[in-house]
Amino acid sequence: MKIAVLISGSGSNLQAFIDDAACGKLSAEIALVLSNRADAFGLQRAADAGIATAVVDHKAYEKREDFDRAMLDALAPYSVDLVILAGFMRILTPVFISTYSGRLLNIHPSLLPKYTGLHTHQRAIDAGDKWAGATVHFVTEELDGGPPIVQARVPILRDDNVDALAARVLQREHRIYPLAAQWFAQGRLRLDARGAILDGEVLGPGGFQLDEPIS
Ligand code: NHR
Ligand code: GAR
């Protein structure tokens with residue numbers, strides 16, 4: 001299986017994919033890392049791992065559809081089976097989504113369906129929630145609204161702050177995101193009209209709950 005990873009920043013989730021592919025936990029080749037920012041640290045991670053990189057700067061395009069088409073052009077030569085958004089910060093239009101429908105995943109830093117959109121950790125802390133987490137989901141036109149695949153939660157501690165909570169959530173992201181991609185590589189995961197299907201069963205709201213101790 002060939003994967004493209006779309007990033008905008010640090011790329012720690014990308015690093016988890018690189019590491020899991022290197023050790024065989026993930027049966028996939030990362031064919032391309034594509035960033036909308038030339039200064040994304042994830043591009044360095046990709047170069048260090050010998051992975052091809054490309055930058056498509058959204059600011060160079062007047063319309064979102066034109067940006068999406070430029071990304072499609074950058075991706076096309078690689079014929080990837082799966083595209084993953086890993087801290088990718090631009091909302092995609094149907095131009096992009098329709099091309100990769102059913103093979104486009106995102107990881108969102110909240111326990112979806114709670115807290116779609118941005119600033120999820122601050123909103124969870126402000127609301128007094130006891131738990132936060134992350135959700136891998138199929139990307140559809142509805143922002144953060146596509147069918148969930150797998151979710152993991154972490155406690156929100158007394159006197160927590162966004163940075164500490166984000167770091168706690170990221171540790172779990174690095175486990176569940178390559179896991180979802182491995183399910184896809186194994187042919188166990190697909191999107192159909194009913195939602196996300198794992199091993200023939202429709203996954204419920206939130207998707208598969210992966211609760212395990214932070215080792
Ligand atoms: N596109 C579609 N159509 N559907 C989804 O579910 C998407 C998507 C693109 C990105 C990731 C998402 C997240 O996990 C994602 C899911 C960016 C924004 C945003 O408001 C919102 C959600 C997500 C990513 N972006 C601003 C914009 O105008 C720019 C913000 C910035 O550049 O910092 O595109 O949270
Ligand atoms: C992750 O927490 C991811 O869930 C979140 O950004 C971080 C990226 O970290 N994604 C979004 O907020 C998408 N809007 P990374 O660059 O180190 O993988």
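In this chain, numbering begins with 1 at the start of the sequence shown. For ligands, and for the atoms within them, numbers begin at 1 and follow the listed sequence.
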Enumerated ligand 2 atoms positioned under 4.0 Å from heavy atoms of Ser10:
16 (O), 17 (O)

Give the residue, atom name and distance (to 0.1 Å) of the protein heavy atom nearest atom 17 (O) of ligand 2.
Ser12 OG, 2.6 Å

Quick note on ligand 2: atoms under 4.0 Å from a heavy atom of Pro109 include exactly 4 (O), 5 (C), 10 (N), 11 (C), 12 (O)

Side chain, backbone, both or neither: which part of Leu85 has a heavy atom under 4.0 Å from ligand 2?
neither

Taking NZ, NE, NH1 and NH2 as the nitrogens, is one of them in Arg45 or Asp48 under 4.0 Å from a carboxylate oxygen of the other?
no

Counting both backbone and side chain atoms, is some N or O of Asn106 under 3.5 Å from an N or O of ligand 2?
no

Note: Arg188-Asp199 ion pair, threshold 4.0 Å (strictly below)
yes

Residue and atom name of the nearest protein heavy atom (relative to atom 3 (C) of ligand 2), distance in Å to one decimal
Glu173 OE1, 3.4 Å

Could you grab the distance from atom OH of Tyr115 to atom OG1 of Thr120, nearest 0.5 Å is fine?
9.5 Å

I'd like the atom pairs linking ligand 1 to the protein - N or O on both sides, separation under 3.5 Å - with distances to 0.1 Å.
unit_1: ligand 1; atom_1: 1 (N); unit_2: Leu92; atom_2: N; d: 3.1
unit_1: ligand 1; atom_1: 3 (N); unit_2: Leu92; atom_2: O; d: 2.9
unit_1: ligand 1; atom_1: 3 (N); unit_2: Thr140; atom_2: O; d: 3.4
unit_1: ligand 1; atom_1: 4 (N); unit_2: Thr140; atom_2: O; d: 2.9
unit_1: ligand 1; atom_1: 6 (O); unit_2: Asp144; atom_2: N; d: 2.7
unit_1: ligand 1; atom_1: 14 (O); unit_2: Asn106; atom_2: ND2; d: 2.8
unit_1: ligand 1; atom_1: 14 (O); unit_2: His108; atom_2: ND1; d: 2.9
unit_1: ligand 1; atom_1: 14 (O); unit_2: Asp144; atom_2: OD1; d: 3.4
unit_1: ligand 1; atom_1: 25 (N); unit_2: Met89; atom_2: O; d: 2.9
unit_1: ligand 1; atom_1: 28 (O); unit_2: Arg64; atom_2: NH2; d: 2.7
unit_1: ligand 1; atom_1: 34 (O); unit_2: Arg64; atom_2: NH1; d: 3.0
unit_1: ligand 1; atom_1: 34 (O); unit_2: Ile91; atom_2: N; d: 3.0
unit_1: ligand 1; atom_1: 35 (O); unit_2: His108; atom_2: ND1; d: 3.0

Best match, Ala166, Gly87, Ala16, Gly11: closest heavy atom to atom 16 (O) of ligand 2:
Gly11

Which of the numbered atoms in ligand 2 are under 4.0 angstrom from any heavy atom belonging to Leu170?
1 (C), 2 (O), 9 (O)

